[in-house]
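To keep things clear, I will list the structure first and then write my remarks on it.
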Protein chains: 2
Amino acid sequence: MTPPLPEEYRHPPFDEDCAPRQLLRLLSGKWTTMILHSLHLLGGHARPTQLMRAIPGLSKKMMTQTLKELEQRQWVYRDIEQVMPPIVEYRLTELGQLFVEPIEMLYQWGIAHSEALNRAYSSEKP
Amino acid sequence: MTPPLPEEYRHPPFDEDCAPRQLLRLLSGKWTTMILHSLHLLGGHARPTQLMRAIPGLSKKMMTQTLKELEQRQWVYRDIEQVMPPIVEYRLTELGQLFVEPIEMLYQWGIAHSEALNRAYSSEKP
DNA sequence: CTGTATCCATCTGGATACTG
DNA sequence: CAGTATCCAGATGGATACAG
């Protein structure tokens with residue numbers, strides 16, 4: 001009769017590259033989730049100026065940089081009409097829409113627990 | 001007959017301090033979610049050495065620092081027995097258990113979509 | 001309107017050595 | 001075993017000015 005494994009060994013340790021860690025990395029940018037969430041709310045597509053207006057505090061630089069990353073991941077598609085001035089629109093891809101799922105879960109939880117969050121927030125500030 | 005508001009104005013903008021943003025800030029540390037998730041898996045309490053073994057890559061410094069933050073937020077309670085060497089145990093508080101919820105949601109989503117995450121990961125590395 | 005290029009302050013977190 | 005103190009490199013991101 002072997003004794004049961006210590007509790008801590010019943011679950012595999014967190015591999016450096018395990019799925020949850022990857023997810024956290026992918027969502028870790030300061031503006032990543034907000035941009036994706038906004039695109040989602042705006043029907044899956046938006047123009048840069050629209051995003052700037054929708055997300056207070058977002059700078060042009062960080063928006064461009066974040067969107068470029070998302071484009072490389074193929075989470076968004078950049079639709080450009082080469083006129084002057086150019087007309088650009090960013091669209092969530094199918095892959096992007098997939099990763100919007102966990103983001104929306106987070107946002108909804110946050111809204112549902114805004115009271116606890118506000119308490120946490122006020123005691124953090126000082 | 002007033003025309004409908006443009007899509008982007010149907011939803012309130014993201015206030016700097018809106019609940020979802022606060023949640024993201026609270027979970028943003030590199031090790032925060034992993035430590036909370038581990039505490040949860042380990043039954044809500046663990047000793048420092050246990051956590052170090054459970055989370056590859058975590059340094060003593062970052063563990064201590066993160067746990068101290070969590071203690072200040074009252075997400076964990078530090079139980080210390082003043083002997084030599086000291087016996088310390090960290091326990092999730094009720095508040096901490098509340099915030100474990102969204103973390104577990106994220107982790108579960110990550111595990112369920114590990115295939116997509118691995119694809120995303122391999123194309124990021126280069 | 002959209003995107004680029006610099007410059008620069010700050011934050012993050014890892015390595016190491018040391019104390020009780 | 002648990003925690004602290006330094007030091008330091010690299011990432012992060014904001015401000016500003018410029019270009020197509």
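Each chain gets a letter, A, B and so on, in the order the sequences are listed, and its residues count up from 1.
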Atom CD of A:E69 and atom C1' of C:dG3 are separated, to the nearest Å, by 16 Å
Any donor-acceptor N/O pair, A:H113 side chain to A:W109 backbone, under 3.5 Å | yes
A:E71 CD - C:dT4 C1' separation (whole Å) | 15 Å
Apply the side chain to side chain contact (heavy atoms under 4.5 Å, CB included) test between B:Y90 and each candidate in B:R47, B:R78, B:H45; give the one that qualifies.
-> B:R78
Name the nucleic acid region contacted by B:P48, choosing base, sugar-phosphate or nothing; use a 4.0 angstrom heavy-atom cut-off, strictly under.
-> sugar-phosphate
In terms of side-chain heavy atoms of A:K60, which of C:dT4, D:dC1, D:dG14 is nearest?
-> C:dT4
Length of the line joining B:L58:CG and C:dT12:C1', which is rounded to integer Å = 14 Å
Relative to the 5' end of DNA chain C, which residue comes earlier, B:S28 or A:M84, by the nucleotide with the nearest heavy atom?
-> A:M84
Does A:M63 share a hydrophobic cluster with A:I80, counting links as ILVMFWY side-chain heavy atoms below 4.5 Å and allowing steps through other members?
-> yes
OP1, OP2 of D:dA2 versus side-chain N and O of B:R47: anything below 4.0 Å?
-> yes
Phosphate OP1/OP2 of D:dA2 contacted by B:R78 side-chain N/O (<4.0 Å) = no
To the side chain of B:K30, which of C:dC1, C:dG13, D:dG3 is closest?
-> C:dG13
Measure the distance from CZ on A:R25 to C1' on D:dA11 and round it to the nearest whole Å.
-> 15 Å
For the pair made of CG in B:L51 and C1' in D:dA2, what is the distance, rounded to whole Å?
-> 12 Å
A:T66 side chain to A:M62 main-chain N or O, any donor-acceptor pair under 3.5 Å?
-> yes
Does atom CD of B:Q74 have more than 12 heavy-atom neighbours from other groups under 6.0 Å away?
-> no
Grab the CD-C1' distance between B:Q65 and D:dT4 for me, whole Å please.
-> 12 Å
Taking C:dG3, C:dA17, D:dG14 as options, the one with an atom nearest any side-chain atom of A:M62 is D:dG14
For atom CD of A:E89 and atom P of C:dG3, their distance in whole Å = 12 Å
Length of the CH2-P vector between B:W31 and C:dT12, whole Å | 15 Å
Could you pick out which residue, A:K61 or A:P85, lies toward the 5' side of DNA chain D when each is mapped onto its nearest nucleotide?
-> A:K61
Under 4.0 angstrom between B:K68 side-chain N/O and D:dT4 OP1 or OP2 = yes
